[in-house]
Amino acid sequence: MVFSSTVFLFLFLPAVFACYFLLPSRFRQGRNAVLLLFSLLFYFYGEGARIWVMGLSVLVNYLLALPMGNKRWRKPALIAAVVCNLAILGVSKYTGFAVQTCNGLFGTALTVPQIVMPLGVSFFTFQGMSYVIDVYRGEPVQRNPANVALYISLFPQLIAGPIVRYGQVAEDLNLRKETLDKAYEGLKRFILGLAKKVLLANTLGQAATEVFALPDGAVSTPVAWLGAVLFGLQIYYDFSGYSDMAIGLGKIFGFRFLENFDHPYCSRSITEFWRRWHMSLGSWFRDYVYIPLGGSRRGLPRQLLNLLAVWFLTGLWHGASWNFVLWGLYFAFWIVLEKCFLLRFLEKNRVFSCIYCLVLVFTGWILFSFTDLSQCFAYVKAMFWPTKAAISPGFWLQILGQNKVELALGVLFATPLAGKLLQKRSWGTAGKLLGNGGLLLLLALCTVYLVSMNFNPFLYFRF
Amino acid sequence: MKQRWIKISTLVLAALFLVSVTALTAGGLLHNPKGYSLYENRSLAVPETFSVETVLDGSFLQSLEPVFSDHITLRDYWLKLYTFLQVEVLRKPAVQGVVVQEDLLLPVNPVAETPDCRPAAEAMVENLLKLQTTVESYGGTFLFVGIPEQSSALREWYPEGLADYDAVYSSREAALFGTGEAAGLHMLNLTPTMLQNGDLYYRSDHHYRLQGAYLAYQEICEALEVSAISEEDFTWKSLPNPFLGSLNRKLMGMWDTDEALWTYELKKPIPFTRWDNGQSVEATVFDLPDSETAYVQYNAYMGGDKAETVIRTDRPDLPDCLIFGDSFTNALETFLYTSFDETRSLDLRHYTEMGILEYVQTYRPDVVICLQNDTVYLLPEGNGVIE
């Protein structure tokens, strides 16, 4: 089940809200039980019997966190928990990749197992690890297994984040308060996220797919850049839209999830970009991998090695394919250069730094989107090496003409301009009524698009 | 205080919207779980059978999304609103796979062409030669007829920037007819004739008009040396019903048009009997609605695509004919039966009892016509399967 679907909007949401809010707020455990039940149903809808993998993750993390109150067992329990979580992730996501790589490197002919990766396994194993690591670092152990299950399986952020750290929501599990203001803000956020996904991401994604489907040799340089921009906007609105919906829903239920995106395309360096893009993943790797490895505290050579390790893992986390690893290392290269000397130069040249960042990021998206490396390199070559292409020169004008409104809105809302303009004015009652009316119209518009569109993939679904 | 009430009213309205859509949809589904979409020309989704197996393997739950989406209350209105937004507000050049122009709709056909069509053409010709040989082995005559689809006949009207339809269709045509004629295949290429007269095609449907089908019928009869009825033998009739073309259907019928469906009436009717898929049916070649206000579509010709149709006119002095192909045969068949004793029509996309070679050997029609439109000339599927 995805948020941008009629079943979720019109069946699941009304049902969960009704069951949740009909219970008095003093029955916190009852409300938690409702949330847990619906979260499991949400996951079961998409995965059926494979829900056992998430169940295993919950069980492993709950049981292995219990002995952490004992000094003797703390470290072994932590190590066991991390190993188990990585094993769950590794087996379900990377077995096929590992076997294929082995066959390619060593000439073996091992059968590649066809393991169907459980939805959201990358997200919920990281959340599980966050729980045990935070408990190891001093958070009180959660004695109630239902609360651990709720934390790991909470449906707003289960299959596509943001990755919620246990320490951030530990208190919210039992002590949160649902208020009118939070419900209203949550609803607003949810509708805006839905609009980003349905009205912008889906349309831009269709256009990007058209460009990427062009045969080799048919992609001219302008078309290649157009495709890269379309995909870059699609993935931004897809993912940030989903994060908005998750944050909005969490707010309705009284949870405080941290922001996941902060206008990343306004960054002036790759370092800054990764502090604005998928912030929950970046901070997870920083706090649980980079800093424990020593961070920047052990001299420059060690710091560079730590960066390489983190970015290798970041790339690998995104997908079981070498293009994702290459994508991660690509950013590692630029981050290292920036740390060594480039940042000083970029800070002095505002315009150049924005262009530099956008060029590198959009080029990076091509590495991200093509699993076939030869196709990937051919596309990147078309971006930077002017080619005479077989496709009609009017093709890119046709794509632009077909998607001009979405492209313009996509560029506008990728900047903080629209938000600043709206916040500058003090809106009276009439203005606020109009704004809320617009919000409800947006919900209706999203419904129109959902009913009509049959193109509704969600990019981060398979992580 | 005002702020509070604004927030409450927003939440309540949003909740009412969600709940009312849910309730009305659920009510509609319970009342009538099946349904048909006129505009999408398909049956609406039905839920998977509820059982332990289908719940555990997820197929029951997965079936809920298409079912809910298909049966959502006011679905046609949501779709019409979407179409209106795309066409009139966002002014998109192409909507739902249709290029929208002021006086013409054209299909956006996928262009999946390799530069060299010859290998596919050679494979197709080889199969058609098998059929020709089979037909000629008992003294029959085979004819392959190529006809342009609307996107081909009106290819000059596509806006610049879309795929180069002219290059695609021309290369396909040259490859197939060049290879076929060189191999001795009996072929009739109607593209040059049809391209000369754009009025033979609908503006809101991907087929030719009945006038186009009549021209094709005349050319085929001339090629087969069979007598054809002339325009003096019948009267053209334009139906008053609103015409819903296949392309306009994709736009929910919202494109303004005064196009009409044409039929004709023989001055001296030829009595015949008709069987569809082995069942005796009403002896008519035009399946028209009862009311003059109801939509009429291209499927009024012969009642649309049938797996097998047999028309018998009890004129043993005339030859028997078999024609196979897709919907382009339908309009043509309304004329074709007048020139033959028995006319059989197959659509191999739906006919599964036997392959075409076995069919031909079983019934031994004097004339076998394969009619293909140029979007499927080289497609080894459906009516391109010769076995």
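In what follows, chains carry the letters A, B, and so on, assigned in the order in which the sequence lines appear, proteins first and then strands, with residues in each chain numbered from 1.
The shortest heavy-atom contact between B:S69 and A:L450 is OG-O, 4.4 Å. For the residue pair B:P93 and A:G401, the shortest heavy atom distance occurs at CD-O, 3.8 Å. Nearest heavy atoms, A:S452 versus B:W78: OG-O, 4.1 Å. The minimum heavy-atom distance between B:L18 and A:L9, with the atom names listed, is CD2-O, 3.7 Å.
For A:F17, no part lies under 4.5 angstrom from a heavy atom of chain B. The contact between A:L180 and chain B is made by backbone and side chain atoms together, counting heavy-atom distances below 4.5 Å. Using a 4.5 Å cut-off between heavy atoms, B:V67 does not touch chain A at all. With a 4.5 Å cut-off on non-hydrogen atoms, A:V448 touches chain B through its backbone and its side chain both. Heavy atoms closer than 4.5 Å to chain A are found in both the backbone and the side chain of B:L90.
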Legend entry - From CA spacing to verdict: side-chain contact (heavy atoms from CB on, under 4.5 Å), B:K92, A:N403: CA-CA 8 Å; B:K92 298 213 173 199; A:N403 304 283; 4.2 Å; yes
Legend entry - Derivation of the side-chain contact (heavy atoms from CB on, under 4.5 Å) call for B:I8 and A:Y184: CA-CA 8 Å; B:I8 291 172; A:Y184 172 75; over 6 Å; no
Inset, instruction - May I have the step-by-step check of side-chain contact (heavy atoms from CB on, under 4.5 Å) for A:L445 and B:L85, ending in yes or no? - result: CA-CA 10 Å; A:L445 190 60; B:L85 287 169; 3.3 Å; yes
Legend entry - Full working for side-chain contact (heavy atoms from CB on, under 4.5 Å) between B:F17 and A:L443: CA-CA 9 Å; B:F17 173 72; A:L443 178 61; 3.7 Å; yes
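Heavy-atom pairs under 4.5 Å with chain B peak, among A:I191, A:I51, A:D181, at A:D181. Looking only at heavy-atom pairs under 4.5 Å with chain B, the residue among A:E185, A:Q402, A:K404, A:E406 that has the most is A:Q402.
Distance check, rounded to the nearest 0.5 Å: OH of A:Y449 to CG of B:L81 gives 9.5 Å. In this structure, CG on B:L61 lies 7.5 Å from CE on A:M1, to the nearest 0.5 angstrom.
Environment of CZ in B:R118: sparse, with no more than 12 heavy atoms of neighbouring residues, nucleotides or ligands closer than 6.0 Å. Around the CG atom of B:D103, the shell of radius 6.0 Å holds more than 12 heavy atoms that belong to other residues, nucleotides or ligands.
The closest side-chain heavy-atom distance from A:T447 to B:V21 is not below 4.5 Å. Between B:T25 and A:F10 the shortest side-chain heavy-atom distance does not fall below 4.5 Å. Two residues are said to be in side-chain contact when any heavy atoms from C-beta on lie closer than 4.5 Å; A:L11 and B:E65 fail this criterion.
Every residue two or more places apart in sequence or in another chain that forms a side-chain contact (heavy atoms from CB on, under 4.5 Å) with B:S170 is listed here: B:R155, B:D166.
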